[in-house]
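No experiment lies behind these values; they were computed from the predicted model shown. Just so it is clear, the values below take in all heavy atoms, side chains as well, and ignore hydrogens, waters and symmetry mates.
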Amino acid sequence: MFTLKPFLLALCMALLTLGAQAQTPWTAWLYTPSDGSVTRVRATGEIVDAYRLPLSQAFNTYGEAAVASASGWFIAYTAFDSTAPAQNRQLFVYDTRADIIRFTYDLSGVTALDFELQPRPTAFDESAQTFAFGLVREGAWELALADLSSDSVKGGGPLLQADSGLAGGLPTVYQVQGERAFFSLFDLDGAPLAEYPLYRWRPTERPELFGVTAHTADLIGAGEWLTPIQDLTVMTMSAATTAQAAPSYNALELRAPASASGERLSLDPALSVARA
């Protein structure tokens, strides 16, 4: 078991080289909601990229989750005004190459957003400059495909639950290919299922059943899982005393599906890696 500093959340974990080796190179994006900073590190601990997400004058607080595209070209995140009686909240997509905001979307009344549940870099298609996301607003879901080249929603607006012919849930995007989005509907109130219907959708069209998927399938790279563990307290006990050991910080777990245990990849405060 391993931990990240409480204020550091993993944006996404991308395995860079396909293959069956346990030592597959990887990078991790670390996000600090308190100041909007994002840092990309290699398995060696080397810092690859570092950014500060823009925060406009209408907002004073970053959201708790963000997601980066595969190369780090785009980063989607949220921000809100904590002083407003009715929370003013918005989604942003930041272009790290041009250092500008490329897309915004109103999140008034939104109670769930798919990349806050599980960030997926595959929700971006960098070559097409598109990004798909699902949300629940006032009890009904929406699915939108953002055109990052024009700050607009493909098809003139999102797909609404009432027009989809599908049941309720949170649309969770697995992959975007140009103007096609592949998604499932995750039941926020129910127990996770082994399989979910997978739908393929183009703006202005109704979704069509494409197959089935596991909810976390896209986190498997070369047969491995790379996972942040965010809270761990180690206790040691004796007959006379109970002592709390210092927790380890900034850590990730690399686990092969066939293995009962994982490999510890701990990042020290200087972002160097110690394998355990």
Participant: For residues Ser69 and Glu126, report the shortest heavy-atom separation together with the two atoms involved.
Facilitator: OG-OE2, 2.6 Å
Participant: Hey, which of Leu91, Asp95, Asp147 is the one that makes side chain to side chain contact (heavy atoms under 4.5 Å, CB included) with Phe103?
Facilitator: Leu91
Participant: Run Tyr94 and Phe92 through ring pair (Phe, Tyr, Trp, His ring centres under 6.0 Å) and show every step you take.
Facilitator: CA-CA 6 Å; Tyr94 173 58; Phe92 299 89; over 10 Å; no
Participant: Might you point out which heavy atoms bring Pro197 and Ser184 nearest each other, and give the distance in Å?
Facilitator: O-CB, 3.3 Å
Participant: Which distance, rounded to the nearest 0.5 Å, do you find between the OG1 of Thr130 and the CD of Glu179?
Facilitator: 7.5 Å
Participant: What distance do Leu185 atom CG and Asp114 atom CG have between them, rounded to the nearest 0.5 Å?
Facilitator: 11.0 Å
Participant: Is there a donor-acceptor pair closer than 3.5 Å between any side-chain N or O of Arg89 and the backbone N or O of Leu107?
Facilitator: no
Participant: Check the hydrophobic clustering (I, L, V, M, F, W, Y; side-chain heavy atoms under 4.5 Å; chains of links allowed) and say if Leu55 and Phe80 are grouped together.
Facilitator: no
Participant: Determine, step by step, whether Tyr51 and Arg40 satisfy the side-chain contact (heavy atoms from CB on, under 4.5 Å) criterion, reporting the C-alpha distance in whole Å, the side-chain angles of both residues, the deciding distance to 0.1 Å, and the verdict.
Facilitator: CA-CA 9 Å; Tyr51 304 99; Arg40 187 182 192 184; over 6 Å; no
Participant: Kindly compute the distance separating CG (Asn88) from OG1 (Thr61), expressed to the nearest 0.5 Å.
Facilitator: 11.0 Å
Participant: For Val176 versus Ala123, what's the shortest heavy-atom pair and its separation?
Facilitator: CG2-O, 3.1 Å
Participant: Would you please classify the geometry between the Tyr31 ring and the Tyr62 ring as parallel, tilted or perpendicular, with 30° and 60° separating the classes?
Facilitator: perpendicular
Participant: Hey, are the side chains of Pro54 and Tyr77 touching, using non-hydrogen atoms and a 4.5 Å cut-off?
Facilitator: yes
Participant: Quick one, Phe131 and Tyr105 - any side-chain contact, counting heavy atoms below 4.5 Å?
Facilitator: no
Participant: Do Val38 and Ile100 share a hydrophobic cluster (ILVMFWY, side-chain heavy atoms under 4.5 Å, transitive)?
Facilitator: no
Participant: Return the OG1 to CG distance between Thr39 and Asp49, rounded to the nearest 0.5 Å.
Facilitator: 9.0 Å
Participant: Could you tell me whether the side chain of Leu148 reaches within less than 4.5 Å of the side chain of Phe124, counting heavy atoms only?
Facilitator: yes
Participant: Determine whether Val48 and Leu53 fall in the same hydrophobic cluster, where Ile, Leu, Val, Met, Phe, Trp and Tyr are linked whenever their side-chain heavy atoms lie under 4.5 Å apart.
Facilitator: no
Participant: Mind checking the OG-CH2 spacing from Ser127 to Trp73? Nearest 0.5 Å is all I need.
Facilitator: 8.5 Å
Participant: Quick check: closest heavy atoms across Ser150 and Ser152, and the distance to 0.1 Å?
Facilitator: OG-OG, 2.6 Å
Participant: Is there a side-chain contact between Asp106 and Arg137 in this structure, where contact means two heavy atoms from C-beta onward sitting under 4.5 Å apart?
Facilitator: yes
Participant: Might you point out which heavy atoms bring Val136 and Gly169 nearest each other, and give the distance in Å?
Facilitator: CG2-O, 3.6 Å
Participant: Where the side chain of Trp141 meets the backbone of Ala167, is there a donor-acceptor pair that is under 3.5 Å apart?
Facilitator: yes
Participant: If hydrophobic clusters are built from ILVMFWY residues whose side chains come within less than 4.5 Å, do Ile75 and Ile101 share one?
Facilitator: yes
Participant: Test your reading of the model: is there a side-chain donor-acceptor pair from Thr204 to the backbone of Gly155, 3.5 Å cut-off?
Facilitator: no
Participant: Report yes if some heavy atom in the side chain of Phe210 is under 4.5 Å from a heavy atom in the side chain of Arg180; otherwise report no.
Facilitator: no
Participant: Would the distance check show the side chain of Thr122 and the main-chain N or O of Tyr174 forming a donor-acceptor pair, the cut-off being under 3.5 Å?
Facilitator: yes
Participant: Indicate the atoms forming the closest heavy-atom contact of Pro158 with Val153, along with that distance.
Facilitator: N-CG1, 3.9 Å
Participant: Is the backbone of Gly178 close enough, under 3.5 Å, to the side chain of Asp125 for a donor and an acceptor to pair up by distance?
Facilitator: yes
Participant: Quick one: pull up CG in Leu166 and CZ in Phe183 and give me the separation to the nearest 0.5 Å.
Facilitator: 5.5 Å
Participant: According to a hydrophobic-cluster definition based on side-chain heavy atoms being under 4.5 Å apart (Ile, Leu, Val, Met, Phe, Trp, Tyr only), do Leu160 and Leu170 belong together?
Facilitator: no
Participant: Is the distance from the ring center of Tyr196 to that of Phe186 below 6.0 Å?
Facilitator: yes
Participant: Restricting to pairs with a member in residues 155-171, which pass side chain to side chain donor-acceptor pair (under 3.5 Å), not counting sequence neighbours?
Facilitator: none
Participant: Side-chain contact, heavy-atom cut-off 4.5 Å: Thr172 with Arg120?
Facilitator: yes
Participant: Would you say Phe74 and Thr96 make side-chain contact, with heavy atoms under 4.5 Å?
Facilitator: no
Participant: Could you check Val173 against Trp201 for side-chain contact (heavy atoms from CB on, under 4.5 Å), going step by step and ending with a plain yes or no?
Facilitator: CA-CA 11 Å; Val173 177; Trp201 168 71; over 6 Å; no
Participant: Measure the shortest side-chain to side-chain distance between Ser149 and Arg102 over non-hydrogen atoms and say whether it is less than 4.5 angstrom.
Facilitator: yes
